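Encoded as structure tokens, the structure appears first; notes follow it.
As the structure is a prediction and not an experimental result, all values here were calculated from the model.
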Amino acid sequence: MTDTAQLVDALHRRVGTGAHGGRTIALTRTYDAAIADVWSACTEPDRLARWFLPVSGDLRTGGQYRLEGGASGTVERCDPPRGFTATWEFGGGTSRIELRLSTEEGGRTRLELEHSVPDDEHWAEFGPGAAGVGWDIGLLNLGLHLAGEQIQPEEEWAATEPGLRFMRLSSARWGEADIAAGAGPERARAAAERTAAFYTGSTQ
């Protein structure tokens with residue numbers, strides 16, 4: 001079985017400043033799958049439901065979508081199989097996501113996901129991990145799906161020691177990415193600890 005730290009570190013994380021004064025979190029991971037397969041997994045409702053969330057609506061440019069129990073929004077651009085951009089409306093706020101896919105050596109696929117979020121009180125309290133840990137879990141599950149492996153229901157997985165360790169390590173890595181982007185180390189680590197506590201129910 002792959003070590004939890006290896007799973008966490010399969011992702012590259014970056015924190016930046018958005019074009020309109022907000023903040024961005026970016027995740028990059030390479031999958032052992034063809035670009036058409038990764039595109040299908042990220043855009044076809046029947047496959048999205050297997051590793052992410054059930055989705056309804058119109059997934060073409062200009063269409064509106066809704067994730068069951070999650071966000072909704074509008075598809076602003078769709079360029080198969082290279083990527084899409086969409087609004088991400090959740091909890092009364094609106095942010096934006098962009099997915100980019102490219103082919104690497106050996107037919108593997110590089111996935112880049114950027115989420116632009118407001119630089120608000122929520123960011124001040126939790127930092128990039130608030131959204132970042134959730135995306136880390138999603139891209140972990142995408143990898144399992146592409147490999148044909150069974151995905152444990154998130155509420156069950158999150159209560160296991162591997163799940164708890166993954167979320168703690170993911171929170172810490174986002175704190176490190178925040179520091180690399182210029183955040184004060186003490187503030188960034190405290191925000192990462194609050195994020196870990198939110199996801200795991202414990203600061204331990």
Give the intermediate values and the outcome of salt bridge (Lys or Arg N to Asp or Glu O under 4.0 Å) for residues Arg50 and Glu44.
CA-CA 10 Å; Arg50 288 182 234 167; Glu44 293 183 8; over 6 Å; no

Can you tell whether the side chains of Arg47 and Asp37 come within less than 4.0 Å, N to carboxylate O?
yes

Ion pair present between Glu176 and Arg13, side-chain N to carboxylate O less than 4.0 angstrom?
no

Nearest 0.5 Å, what's the CD-CD distance between Glu89 and Gln64?
7.5 Å

Audit row: Val15, Arg23, side chain to side chain contact (heavy atoms under 4.5 Å, CB included) steps and yes/no
CA-CA 7 Å; Val15 177; Arg23 305 302 300 271; 3.6 Å; yes

Distance (rounded to the nearest 0.5 Å) between Thr160 OG1 and Gln152 CD
5.5 Å

Do Trp135 and Trp88 have ring centroids that are under 6.0 Å from one another?
yes

Neighbour count above 12 (heavy atom, 6.0 Å) for Glu68 CD
no

Can you give me the closest heavy-atom contact between Ala192 and Gly175, atom names plus distance?
CB-CA, 4.0 Å

Would you indicate whether the side-chain heavy atoms of Ile179 and Arg189 approach each other to under 4.5 Å?
yes

Heavy-atom closest contact (Arg29 atom, Gly143 atom, distance)
NH2-CA, 4.3 Å

Can any side-chain N or O of Trp51 pair as donor or acceptor with the backbone N or O of Leu146 at less than 3.5 Å?
no

In terms of side-chain geometry, is the basic nitrogen of Arg77 or Glu98 positioned less than 4.0 Å from the acidic oxygen of its partner?
yes

May I ask you to check whether Trp157 and Asn141 show a side-chain donor-acceptor distance below 3.5 Å?
no

Tell me whether the count of non-hydrogen atoms from other residues, nucleotides or ligands lying under 6.0 Å of CD in Glu155 goes above 12.
yes

To check you understand the geometry: which heavy-atom pair defines the closest contact between Trp174 and Arg14, and what is its length?
CZ3-O, 4.0 Å

Between Asp178 and Arg187, does any side-chain N to carboxylate O distance fall below 4.0 Å?
yes

Nearest 0.5 Å, what's the OG1-CZ distance between Thr103 and Arg110?
12.0 Å

What distance separates Leu11 CG from Asp136 CG, expressed to the nearest 0.5 Å?
5.0 Å

For the pair Glu76 and Arg96, find out whether any cationic side-chain nitrogen is under 4.0 Å from an anionic carboxylate oxygen.
yes

Count the heavy atoms of every other residue, nucleotide or ligand shown that sit under 6.0 Å from CD of Glu121, and state whether that count exceeds 12.
no

Roughly how far, to the nearest 0.5 Å, is OG of Ser56 from CZ of Arg66?
7.0 Å

Considering only heavy atoms from C-beta outward, does the side chain of Tyr199 approach that of Leu164 to under 4.5 Å?
no

Closest approach of Ser95 and Ser116, non-hydrogen atoms and distance?
CB-O, 2.9 Å

Closer than 3.5 angstrom, by distance alone: can the side chain of Thr195 be matched with the main-chain N or O of Phe126 as a donor-acceptor pair?
yes

Leu140, Val133, Thr200 screened by side chain to side chain contact (heavy atoms under 4.5 Å, CB included) with Phe166, the one that passes
Leu140

Would you tell me whether Thr24 and His115 have side-chain atoms, one donor and one acceptor, within less than 3.5 Å of each other?
no

Spatial distance of atom CZ (Arg82) from atom CH2 (Trp39) [nearest 0.5 Å]:
9.5 Å

Which atom of Cys42 lies closest to which atom of Leu111, heavy atoms considered
SG-CD1, 4.2 Å

